[in-house]
Amino acid sequence: MGDIAQIRNGAIHLFTALCWQRRTECGGQAIRAGIFTIMVSAMALSACAGDNPENVPLYGQWDMETKLGSLSIDGMLVSPELVPGEMLALAGTDSICGEPMFINREWQQNDINGKVRGDCTMEEYNVTPTRVTGTGVCTGVAPEADFNTRFTFDISQSAERYRMKLEMNGDATIPGTPGRHVIRVSAVLTGTRSGEC
């Protein structure tokens, strides 16, 4: 199950990279990071932070929950007790001071590639005041399984709430089994702004 864990982990890292940005601007320098890899010092965050007025969700304290959806191999669901522990550890809650940044396609593209092994390209990225949708393709996410995937995401957004659903579909080689196998992974991330920070 090690290769399956690698595939699922790649999927969830892509999922989280799509969603989040902490943003501070000090002297014209922007510092940004994703949910699970916050690399900004507390001093920089407290010294100067602010809302991007073009982005629908407001800057503030955000309470988030990640729920792993399903994993299927060749159309058969993998039962929860067989889901790798590393993957289960990615589900949960978090509270972050920052801004879910959905307005900036370029930032999202760079952030995904900074957090996921391989190379991901967004093919479509559509933003309206209430919804963000997109599609893309990743290569080399789990090279040991030759796993390449297509992804779609659908985000409903408001100033104080969002819900994102991500689905990834691809095929992979799983050692000890003949041929290629179709892998499908889904997850949901929700966020609620609880106040100023």
Side-chain angles (χ1 to χ4, degrees), residues 1-21 33-37 64-94 100-102 104-127 131-157 162-177 179-191:
M1 286 303 251
D3 289 329
I4 301 237
Q6 196 85 3
I7 292 165
R8 288 204 62 186
N9 286 338
I12 291 302
H13 288 297
L14 171 62
F15 173 71
T16 58
L18 275 168
C19 294
W20 191 260
Q21 165 176 328
I35 290 175
F36 294 114
T37 55
M64 298 161 304
E65 181 176 18
T66 301
K67 290 185 178 179
L68 306 179
S70 62
L71 165 66
S72 67
I73 301 173
D74 296 331
M76 298 185 66
L77 286 175
V78 174
S79 61
E81 62 271 8
L82 295 178
V83 173
E86 304 92 340
M87 197 63 198
L88 294 173
L90 293 173
T93 59
D94 200 1
M101 184 56 67
F102 301 128
N104 190 331
R105 176 185 178 147
E106 182 180 322
W107 183 89
Q108 294 288 354
Q109 177 74 57
N110 292 336
D111 195 50
I112 289 169
N113 281 316
K115 292 180 178 54
V116 176
R117 277 195 313 170
D119 183 36
C120 296
T121 303
M122 281 198 221
E123 297 171 325
E124 293 182 33
Y125 194 80
N126 307 297
V127 180
R131 194 168 177 203
V132 180
T133 59
T135 63
V137 61
C138 295
T139 58
V141 174
E144 59 283 345
D146 191 24
F147 180 59
N148 299 309
T149 184
R150 298 195 61 74
F151 63 89
T152 61
F153 58 90
D154 190 339
I155 304 165
S156 59
Q157 66 172 343
Y162 68 86
R163 180 181 188 275
M164 176 184 191
K165 181 171 184 186
L166 174 78
E167 291 190 3
M168 298 183 75
N169 295 288
D171 61 275
T173 301
I174 300 173
T177 63
R180 305 274 297 158
H181 300 275
V182 176
I183 310 292
R184 183 174 180 214
V185 180
S186 68
V188 173
L189 179 70
T190 57

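Quick note: residue numbers are just sequence positions, from 1. The structure presented is a predicted model; accordingly, all values stated were derived computationally and were not measured.
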- Query: Between F153 and F102, does a side chain to side chain contact (heavy atoms under 4.5 Å, CB included) hold up when you go through it step by step?
  - Reply: CA-CA 12 Å; F153 58 90; F102 301 128; over 6 Å; no
- Determine, step by step, whether L189 and Y162 satisfy the side chain to side chain contact (heavy atoms under 4.5 Å, CB included) criterion, reporting the C-alpha distance in whole Å, the side-chain angles of both residues, the deciding distance to 0.1 Å, and the verdict. CA-CA 8 Å; L189 179 70; Y162 68 86; 3.8 Å; yes
- Item | Pairs satisfying salt bridge (Lys or Arg N to Asp or Glu O under 4.0 Å), at least one member in residues 168-177, at least two apart | D171-R180
- Task: Kindly write out the residues that satisfy side chain to side chain contact (heavy atoms under 4.5 Å, CB included) with R163, not counting sequence neighbours, or none if the list is empty.
- Result: S156, K165, V188, T190
- Note on the structure: Separation between CG (L77) and CG (L82), nearest 0.5 Å, reads 11.5 Å
- Query: Considering residues at least two apart in sequence or located in another chain, which fulfil the side chain to side chain donor-acceptor pair (under 3.5 Å) criterion with D74?
  - Reply: H181
- Message: Could you go through M122 and T135, starting from their C-alpha distance and side-chain angles, then the distance that decides it, and tell me whether this counts as side chain to side chain contact (heavy atoms under 4.5 Å, CB included)?
- Response: CA-CA 6 Å; M122 281 198 221; T135 63; over 6 Å; no
- Return the set of residues passing side chain to side chain donor-acceptor pair (under 3.5 Å) with R105 (not counting sequence neighbours), or none when no residue passes. none
- Message: So, taking the atom named OG1 in T139 and the one named CG in N148, what distance separates them when rounded to the nearest 0.5 Å?
- Response: 5.5 Å
- Closest heavy-atom pair, N104 versus M101, reported as atoms and distance to 0.1 Å, is CB-CG, 4.3 Å
- Query: Residues in side chain to side chain donor-acceptor pair (under 3.5 Å) with E124, at least two apart?
  - Reply: none
- With sequence neighbours left out, write down each residue that passes salt bridge (Lys or Arg N to Asp or Glu O under 4.0 Å) with R150, or none if nothing qualifies. E123
- Could you state the interatomic distance from CG (D119) to SG (C138), rounded to the nearest 0.5 Å? 8.0 Å
- Message: My understanding is that only residues two or more places apart in sequence, or in another chain, count here; which of them pass side chain to side chain donor-acceptor pair (under 3.5 Å) with Q157?
- Response: none
- Query: Taking only residues two or more places apart in sequence or in another chain, which ones pass salt bridge (Lys or Arg N to Asp or Glu O under 4.0 Å) with E65?
  - Reply: none
- With sequence neighbours excluded, residues passing side chain to side chain contact (heavy atoms under 4.5 Å, CB included) with N169: R184
- Message: Applying side chain to side chain contact (heavy atoms under 4.5 Å, CB included) to L71 and I183, what does each step give before you reach the verdict?
- Response: CA-CA 7 Å; L71 165 66; I183 310 292; 3.9 Å; yes
- For the atom pair CZ (F151) and SG (C120), what is the distance rounded to the nearest 0.5 Å? 5.5 Å
